[in-house]
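Worksheet: one structure, shown below.
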Amino acid sequence: MSEEMVKIKGSGDGLQLNFAPGAAFADIEKELRRKLESGSGFFLRGTLVRIPRDVLTEEELTVLQKLFHAHGLICRRAAAPEAAAATKTTAARSAKKPVAQPAPAATAPPATQPPVQEMVVVNRTLRGGQEINTKSSVLVCGNVNPGAQIIAGGSIDIRGTCRGMVHAGAYGDTQAFVIADHLMPTQIRIADLIARSPDHMEKSDRAERASIKDGQIVIEPIER
């Protein structure tokens, strides 16, 4: 796969965007606008979106902030690395001062941060014989044709018709799911469970979601 114009990583407090080196701002804006207007489930209203620091001008940042705000999201620059370094330096200097301290009270262990989940965005239809294999989640802006397959460590979102083979949670994640505008796969897998579409399956007018419930794969209609 060629390098994507915009890469999206999930974090505990929102999403982190990374842009392809040398990408023109007009192309970045066009790609983000297309993703937002596609109604992807990864861009939920109220989500904090961080963009790379020192990559865009103030005018370009303002354009993106207005774009995300129009879709109910919050856009900010990523924190400056020097600010984090300064905090560590201050803490180190303070530790050297011989200041009497009371006996520390018992405290609860710090909350475990959720693992960062990267998402691979595929801006094309996958044709027969093509394969996506990644430990991340996958967003396909196109169809998955018969003979094509997606193997993902996380969830799979297909903005089109799925007629190929899809395997979400391939490394044992039973919380993973598969969403498609039209879910008609030759085979669907989630974690270690396998299901097949019936021989005669009518095309639904609503998007569908496949997930594990009560130890089996269940497919339900959803609203995008």
Side-chain angles (χ1 to χ4, degrees), residues 1-11 15-18 20 31-32 34-44 47 114-213 215-224:
M1 282 175 45
S2 59
E3 186 171 14
E4 301 293 344
M5 179 71 65
V6 178
K7 291 185 177 180
I8 307 171
K9 289 185 178 181
S11 63
L15 299 174
Q16 171 69 50
L17 303 187
N18 289 302
E31 179 66 6
L32 285 173
R34 189 188 62 76
K35 293 182 187 303
L36 288 166
E37 291 177 351
S38 73
S40 169
F42 291 95
F43 289 107
L44 300 178
T47 299
V116 175
Q117 177 71 63
E118 183 176 354
M119 180 175 66
V120 174
V121 180
V122 182
N123 295 313
R124 57 187 170 86
T125 287
L126 294 180
R127 306 188 183 283
Q130 294 183 318
E131 175 182 319
I132 301 296
N133 193 330
T134 176
K135 293 183 179 180
S136 308
S137 293
V138 176
L139 170 63
V140 178
C141 298
N143 299 325
V144 179
N145 289 347
Q149 64 178 2
I150 301 175
I151 301 173
S155 298
I156 300 172
D157 187 351
I158 300 168
R159 308 299 301 193
T161 299
C162 174
R163 291 192 175 91
M165 192 283 282
V166 287
H167 188 177
Y171 299 92
D173 183 3
T174 57
Q175 300 301 311
F177 55 84
V178 178
I179 293 177
D181 289 347
H182 304 291
L183 191 55
M184 308 167 68
T186 53
Q187 185 183 89
I188 184 168
R189 301 184 183 183
I190 301 179
D192 59 350
L193 298 181
I194 303 176
R196 297 182 63 88
S197 296
D199 294 334
H200 301 285
M201 185 174 181
E202 295 184 1
K203 193 172 183 180
S204 173
D205 293 331
R206 298 173 61 186
E208 293 176 302
R209 170 189 172 114
S211 59
I212 295 178
K213 291 186 177 180
Q216 61 182 350
I217 296 176
V218 177
I219 299 177
E220 303 170 302
I222 61 169
E223 295 293 339
R224 280 287 195 183

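All of these numbers come straight from a predicted model, not from anything done at the bench.
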Determine the minimum heavy-atom distance between Ile151 and Ala170, stating which atoms define it. CG2-CB, 3.7 Å
Looking only at non-hydrogen atoms, find the nearest pair between Ala191 and His167 and report the distance. O-NE2, 2.9 Å
Output the distance between atom CD1 (Ile190) and atom NZ (Lys213), rounded to the nearest 0.5 Å. 11.0 Å
With a 4.5 Å heavy-atom cut-off, do Arg124 and Gln130 have their side chains touching? yes
Let me see the working for Asn123 and Met5 under side chain to side chain contact (heavy atoms under 4.5 Å, CB included), right down to the final yes or no. CA-CA 10 Å; Asn123 295 313; Met5 179 71 65; 5.9 Å; no
Distance check, rounded to the nearest 0.5 Å: Ile8 atom CD1 versus Gln16 atom CD? 11.0 Å
So NE2 of His182 and CD1 of Ile158: to nearest 0.5 Å the spacing works out to 12.0 Å
Nearest 0.5 Å, please: how far is CD1 in Ile132 from CD1 in Ile150? 6.5 Å
When you measure from the side chain of Asn143 to the backbone N and O of Thr161, does any donor-acceptor pair fall under 3.5 Å? yes
Is there a side-chain contact between Asn145 and Thr125, using heavy atoms and a 4.5 Å cut-off? yes
Note: Thr186 and Arg163 closest approach over all heavy atoms is CG2-O, 3.2 Å
Does the side chain of Val178 reach to within under 4.5 Å of the side chain of Ile217, using non-hydrogen atoms? no
Which heavy atom of Gly154 sits nearest a heavy atom of Ala176, and at what distance? O-CB, 3.7 Å
Between CE on residue Met165 and CD on residue Gln149, distance to nearest 0.5 Å: 4.0 Å
Whether Ser155 side chain and Phe177 backbone form a donor-acceptor pair below 3.5 Å: yes
Nearest heavy-atom pair of Ala152 and Ser136: which atoms, and what distance? CB-O, 3.4 Å
State whether the number of non-hydrogen atoms from other residues, nucleotides or ligands found under 6.0 Å of Glu220 atom CD is greater than 12. yes
Any non-hydrogen side-chain atom of Cys141 less than 4.5 Å from a side-chain atom of Leu139? yes
Name of the residue among Ile222, Ile179, Ile219 meeting side-chain contact (heavy atoms from CB on, under 4.5 Å) with Glu208: Ile219
For Gly215 and Leu193 the tightest heavy-atom approach is O-CD1, 3.5 Å
pair Leu32-Leu17: side-chain heavy atoms closer than 4.5 Å: yes
Let me confirm one number: the OG1-CD distance from Thr134 to Glu118, rounded to the nearest 0.5 Å. 6.5 Å
